[in-house]
Amino acid sequence: MGDRFVAVEPWKFHKFGGSSLFDAACFRRVADIIKSQPAARVGVVVSAMGGMTDRLLQLTELAAKDDKQYEQELKALGDRYAAAADELLSTESRPGVIDQWLQDARDLTDMLRAVADTQTATQRSRDQVAGFGELWSTRLLAAYLGETLPDQRGGRWLDARDILTVRHGELGPAVNWPVSQRKFDQQIGNFEQGVVVITGFIAVDEEDCHTTLGRNGSDFSAAIFAALAGADELTIWTDVDGVMSGDPNRVPDAQIIDALSYNEALELAYFGAKVIHPQTLGPAIDNDITVLIRNTFAPDRPGSRIGATIEVGNSVKGITAIDRMALVNLEGTGMIGVPGTADRLFAALKQARVSVTLISQASSEHSICIAVPEELADKAKRVISGAFAEELKDGQIQRVDVTRAQSIIAVVGDNMAGAVGLAARFFSSLARAGINIRAIAQGSSERNISAVIDASESTRALRAVHSGFYLSTKTISIGVIGPGLVGGALLDQLHKQSEVLRDEFQIDLRVRAIGRSKAMIMDDRRIELADWRAAMEKSEQAFDLQKFVEHVDADHLPHAAIIDCTSNNEVAGQYANWLERGIHVVTPNKKAFSGSLAAYQALRVAARRGSAHYMYETTVGAALPIISTIRDLINTGDKVRSITGIFSGTLAYLFNVYDATKPFSEIVREAKSSGYTEPDPRDDLSGMDVARKLTILARELGLSLDIGGFPVQNLIPEKLRDAPVDEFLSGLADYDTEMESQFIAAREQGKVLRYVATLNDKGEAAVGLQMIPTDNPLANINLTDNIVQFVTDRYAQNPLVVQGPGAGPEVTAGGVFGDLLRLAAYLKGND
Ligand code: ADP
Ligand code: ASP
Ligand code: MG
């Protein structure tokens, strides 16, 4: 070996897909990536500019119909190309590239004319036409690199057809390696330094005729050239961050897979993950070439690494779907125990060149079912019917059925082998989404499980299965209605906490919709809560409750919850519907739970039917643990004998402050201007708010209480009930002496005035002003505190007291958040 031993660093190969080459800006981006490569020898395999191959193929379709439109279309392609060349190239190199294009356009026109004359587009002419896209993109890139790379490192251009020689076999194009290698070595065997730009997709066959490697075939070209060059690494640059756990266009939650084995990538590609052409892996495996999938538009991200090693970790790597399939079913008792039926079937199909994507045979051998591409279904049926003509005639085989519009859903992963429960999870995810499975197959390597389903359900199925494997069972799709004071504070709190909850507790709270009376925003994954206010302001989407609910109740997420932060009756009226369809409801809105008893009972029934929860701790005393305390007491066997409390922060404040030194009306006015009352203080003074809260508590005790069924003292003088707010405020002064005399009467007995709600286990309830001894806890609360005393069998002598701030956006939002977390804790696993 002696003097031949030169330690040359291996080639590095890069492939840029059409999605990375849309316009001049894209070419610049690509060139920047190439420039930053440190390797001495860089091979760059390039697809046609995005969409170009499709457009070229359309030209042949038009020509085949003798539609002259193809001439204009071709001109449009030229314009697009010239525009990119104008932007990228100098006046020196531009004419050469454009001349080449014009020459090609003339050749192309001749070919299209020939197609038009015969009105048929043969595979060969389609291949020839389609191949121009790669010639054009590579010439442009090579010329641009020639001008921009230093030291003439760039600019070398290679037409793959001078090297890559293939034979079209049953499994697609097969490389003639010895011939291709010889030609490669002749052309660039001794290339030492720089960048070579090579056309993807195109090749020649063994008769030296132009051909292609099939749609999406540039990935395969790149792997072949990397192998020919002895490269140890191939980076496939595309428009996503890597191989993802599901097609990102269809599965909003798809995640980047950091590392995959060759086999995993192969299975995913085979089952339809478009990001990589399935044949790409062959040359990579044989030559131990590491394949990286990276994003041209985000070159700082690491992407996915595909190599020989099996990673430990997630047993399921990805979920994919192949659409446009048909199921062919061969059924008959005559097949039972007859050896060789399957062999005959496959031999016949093989001969007719029908490739079978999935096979499923019942162990009784009563039926065999195969999935084939839909366009081959009729052929498959014909072939099978021919091969089993005898049996069909004799009735041993009853029929050959074809079901069209099917899809195959597959889950893929090396570590699936031996992992228990994966199939169960796969099928239960489909079942939960109500998707019917028509056939099932598991690869003997246990690296994949696949199921055939109706094509119309394939996206839903992908999402459901993906969430079954990838999402925490405590993932909740959330819609917030009413992002006002409380709702807004809640969204901010969720924003702050959600990462910790996700990372540490696997509680994934995804706010996916926010709506208020006029507008709404929705997001498939999750709304970026850092700037929800701005997004809300910008939103041009009118609020539509039905759309909102449909969006929140997404099939692909395990749970859905609506948080109603309005005090709206109409929204509250929807709870029963939501609960019935399984959507959980969390709310500080009192309306539904204190409405008519019949409506309240309907809510309970709906929740039971839909297995949904409704959480409303904050309807009484904001975040104070009042409802949960009652539940705990009851559930642990205690008996609540009575409840006494102050449930209105506003009324608590008014009577805490009022000491007859100032008129009561003055105190009301001050409280209003400091924001302690509702905009119309009568909403507080009417006592209705307290009555609603007491009703909710009574129902918690199992009592059939209804608003109207117990006395509620209204503190608004009758005459002022319908007056405008201002008139009410000034008119209230006329009643100051009345209040004062009540206060003095109380003081004389050593008591104070408090607006109190009471309830006992016989269902007796009342709401109104009471004189309370000054040593009673109810007489000793801070400003707007709420307080509740529970007398129970266990707390008979000394009541249980819950006290603290019972209003305010932050604490109420905190309470709603707490309810949401309790909800998450209730939610069981998926399977
Ligand atoms: P290129 O033009 O670079 O070859 P393709 O459009 O052929 O790009 O492939 C990339 C596209 O593949 C992505 O934009 C994405 O929409 C789609 N895709 C489908 N399944 C997957 C998957 N599992 N992971 C990543 N991308 C996928
Ligand atoms: N340009 C070809 C196609 O669109 C090949 C490729 O992009 O991989 O199919
Ligand atoms: Mg591609």
Side-chain angles (χ1 to χ4, degrees), residues 14-22 26 29-30 33 45-58 77 126-127 129-138 160 164 172-173 198-203 211-225 234-258 260 264-280 291-298 301 303-304 306 316-323 409-413 458-459 462-463 465-466 470:
H14 296 265
K15 178 256 169 178
F16 292 91
S19 61
S20 304
L21 290 163
F22 222 83
C26 289
R29 205 171 287 123
V30 165
I33 292 173
V45 176
V46 178
S47 294
M49 291 170 78
M52 188 63 92
T53 313
D54 288 336
R55 304 285 295 274
L56 285 164
L57 286 168
Q58 277 160 19
L77 295 188
R126 297 164 116 266
D127 275 355
V129 172
F132 278 101
E134 270 67 11
L135 291 173
W136 299 338
S137 60
T138 46
L164 180 51
I198 309 170
T199 54
F201 187 49
I202 54 178
T211 186
T212 70
L213 302 186
R215 292 310 308 269
N216 224 356
S218 294
D219 299 335
F220 186 26
S221 304
I224 298 167
F225 277 100
L234 164 63
T235 307
I236 295 183
W237 295 89
T238 181
D239 62 350
V240 282
D241 283 347
V243 182
M244 304 180 79
S245 53
D247 180 345
N249 299 308
R250 302 173 75 179
V251 182
D253 274 303
Q255 305 168 12
I256 307 294
I257 310 174
D258 299 332
L260 302 85
E264 287 172 331
L266 196 62
E267 299 273 355
L268 282 175
Y270 176 77
F271 283 109
K274 188 189 170 206
V275 66
I276 188 164
H277 187 279
Q279 280 186 283
T280 315
V291 180
L292 303 167
I293 311 287
R294 297 182 62 183
N295 193 345
T296 310
F297 301 88
R301 305 206 181 133
S304 301
I306 304 172
V316 166
K317 280 289 171 67
I319 295 124
T320 52
I322 319 184
D323 293 329
I409 301 283
V411 291
V412 168
S458 91
T459 297
L462 271 175
R463 293 174 166 204
V465 173
H466 191 273
Y470 270 87

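For ligands, and for the atoms within them, numbers begin at 1 and follow the listed sequence. In this chain, numbering begins with 1 at the start of the sequence shown.
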Starting from [atom], locate the nearest protein heavy atom and write down its residue, its atom name and how far away it is, to 0.1 Å.
atom	value
atom 8 (O) of ligand 1	Thr238 OG1, 3.2 Å
atom 6 (O) of ligand 1	Lys274 NZ, 2.9 Å
atom 13 (C) of ligand 1	Asp239 OD1, 3.5 Å
atom 1 (P) of ligand 1	Ser19 OG, 3.4 Å
atom 24 (N) of ligand 1	Met244 N, 2.9 Å
atom 12 (O) of ligand 1	Val275 N, 3.5 Å

Find out whether [X] and [Y] are in side-chain contact, i.e. whether some heavy atom of one side chain is under 4.5 Å from a heavy atom of the other.
X	Y	result
Leu77	Leu56	yes
Val240	Pro248	yes
Phe297	Cys26	yes
Leu164	Ile198	no

At a 4.0 Å threshold, what atoms of ligand 1 neighbour a non-hydrogen atom of [X]?
X	value
Gly18	2 (O)
Gly242	24 (N), 25 (C)
Gly17	1 (P), 2 (O), 3 (O), 4 (O)
Lys15	4 (O)
Gly246	22 (C), 23 (N)
Asn216	4 (O), 7 (O)
Ala273	20 (N), 23 (N)

Interatomic distance, [X] atom [atom1] to [Y] atom [atom2] [nearest 0.5 angstrom]:
X	Y	atom1	atom2	result
Arg294	His14	CZ	NE2	8.5 Å
Asn216	Phe201	CG	CZ	9.0 Å
Ile276	Ile236	CD1	CD1	4.0 Å
Thr238	Ile293	OG1	CD1	8.0 Å
Thr280	Leu234	OG1	CG	8.0 Å
Gln255	Asp241	CD	CG	12.5 Å

Quiz item: Tell me, which pairs form a salt bridge (charged side-chain N to carboxylate O under 4.0 Å, His left out) where one or both residues lie in residues 214-225, sequence neighbours left out?
Solution: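 Found Lys15-Asp219, Asp54-Arg215.
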
Quiz item: Would you say Asp219 has any N or O atom under 3.5 Å from an N or O of ligand 1, going by distance alone?
Solution: no

Quiz item: Do Asn249 and ligand 1 have an N or O pair less than 3.5 Å apart?
Solution: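 Yes: some nitrogen or oxygen of Asn249 is under 3.5 Å from one in ligand 1.
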
Write 'none' if nothing qualifies; otherwise put on separate lines each N/O atom of ligand 2 with a protein N/O atom under 3.5 Å away and their distance to 0.1 Å.
| residue | atom | partner | partner atom | Å |
| --- | --- | --- | --- | --- |
| ligand 2 | 1 (N) | Thr53 | OG1 | 2.7 |
| ligand 2 | 1 (N) | Glu134 | OE2 | 2.7 |
| ligand 2 | 4 (O) | Thr53 | OG1 | 3.2 |
| ligand 2 | 4 (O) | Arg215 | NH2 | 2.9 |
| ligand 2 | 7 (O) | Ser47 | OG | 3.1 |
| ligand 2 | 8 (O) | Asn216 | O | 3.4 |
| ligand 2 | 8 (O) | Gly217 | N | 3.4 |
| ligand 2 | 8 (O) | Ser218 | N | 3.0 |
| ligand 2 | 8 (O) | Ser218 | OG | 3.2 |
| ligand 2 | 9 (O) | Arg215 | NE | 2.7 |
| ligand 2 | 9 (O) | Arg215 | NH2 | 3.3 |
| ligand 2 | 9 (O) | Asn216 | N | 2.7 |

Exercise. Run through the protein N/O/S atoms less than 2.8 Å from the Mg ion (ligand 3) and write them out by chain and number.
Key: Asn216 OD1

Practice problem: Among residues two or more places apart or on two chains, list those pairs meeting side-chain hydrogen bond (donor to acceptor under 3.5 Å, both in side chains) that have a residue in residues 265-275. | Solution: Glu267-Asn448

Exercise. Give a yes or no on whether the backbone of Thr199 and the side-chain of Thr138 come within a donor-acceptor separation of less than 3.5 Å.
Key: no

Self-check item: Flag for Thr212-Arg126: side-chain donor and acceptor within less than 3.5 Å
Solution: no

Practice problem: Measure across Ser47 and Gly18 and return the closest heavy-atom pair with its distance rounded to 0.1 Å. | Solution: CB-N, 3.4 Å

Quiz item: Can you tell me if Ser20 has a non-hydrogen atom under 4.0 Å from ligand 1?
Solution: no

